[in-house]
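Data first, discussion second: the structure below is written as structure tokens.
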Amino acid sequence: MVGATGIEDRLQEEVPETIYDLKRAGIKIWVLTGDKKETAINSGHSAGILKLDSQMIDICDTADPRDMSTIIAEIADTPFDEEKDVSLIVDGKSI
């Protein structure tokens, strides 16, 4: 026997529109979730927090021995394309 199943967590009504309005107003959006990285990224896309062309900085499962604040400070000093959103993806293990 072969089988498959899937579950879709649906967003509440008007979440993408609300996120868009907040971002347009210059408000920075932070999301903290207990989801797996892939689920969190997919939810971010669905909610309009992440765009397909977002510059994503993934520091999950890092073996970098430096302190996380040092890594984030270096990222903050990095020049990014100002036309694109920048998203930082980090997991609890890396912090």
Side-chain angles (χ1 to χ4, degrees):
M1 175 185 267
V2 176
T5 186
I7 298 173
E8 178 183 358
D9 288 335
R10 295 181 187 242
L11 297 173
Q12 293 184 10
E13 292 181 18
E14 299 184 24
V15 168
E17 294 85 355
T18 302
I19 297 294
Y20 174 79
D21 290 341
L22 292 170
K23 288 172 81 173
R24 199 175 77 201
I27 297 171
K28 304 289 184 195
I29 307 294
W30 290 70
V31 176
L32 178 63
T33 179
D35 289 327
K36 291 188 287 185
K37 179 176 82 172
E38 294 79 12
T39 305
I41 291 171
N42 289 334
S43 296
H45 285 297
S46 296
I49 295 168
L50 299 175
K51 296 179 183 173
L52 292 177
D53 66 344
S54 291
Q55 300 171 90
M56 289 201 284
I57 303 163
D58 184 344
I59 51 176
C60 293
D61 300 319
T62 184
D64 194 321
R66 295 173 296 164
D67 181 66
M68 187 56 63
S69 60
T70 302
I71 296 169
I72 292 173
E74 289 176 8
I75 292 168
D77 289 338
T78 304
F80 293 101
D81 183 345
E82 292 183 20
E83 298 296 317
K84 294 184 179 179
D85 289 337
V86 178
S87 301
L88 177 64
I89 313 295
V90 62
D91 62 354
K93 188 186 334 179
S94 299
I95 296 175

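Everything quoted here is computed from the prediction, not taken from an experiment.
- Cluster membership check: I89 does not share its hydrophobic cluster with I59, using side-chain heavy-atom separations under 4.5 Å among Ile, Leu, Val, Met, Phe, Trp and Tyr.
- By the rule that hydrophobic residues join a cluster once side-chain heavy atoms approach within less than 4.5 Å of another member, V31 and V86 end up as members of separate clusters.
- One distance of note links OG1 of T70 with CD1 of I75; it measures 11.0 Å at 0.5 Å rounding.
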Please tabulate, one pair per line, all N/O donor-acceptor pairs under 3.5 Å involving side-chain atoms of residues 16-30, not counting sequence neighbours.
residue: T18; atom: OG1; partner: E14; partner atom: O; Å: 2.8
residue: K23; atom: NZ; partner: I49; partner atom: O; Å: 3.2
residue: K23; atom: NZ; partner: D85; partner atom: OD2; Å: 3.0

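- Here I41 contributes atom CD1 and T33 contributes atom OG1; the two are 11.5 Å apart, rounded to the nearest 0.5 Å.
- Among residue pairs with one or both ends in residues 33-47, those qualifying as salt bridge (Lys or Arg N to Asp or Glu O under 4.0 Å) are K37-D58; sequence neighbours excluded.
- In this structure, L88 is not a member of the same hydrophobic cluster as L50, with clusters built from ILVMFWY side-chain heavy atoms closer than 4.5 Å.
- When the side chain to side chain contact (heavy atoms under 4.5 Å, CB included) test is applied to D53, the partners found at least two apart in sequence or on another chain are K51, K84.
- E74 meets the side chain to side chain donor-acceptor pair (under 3.5 Å) test with R66; sequence neighbours excluded.
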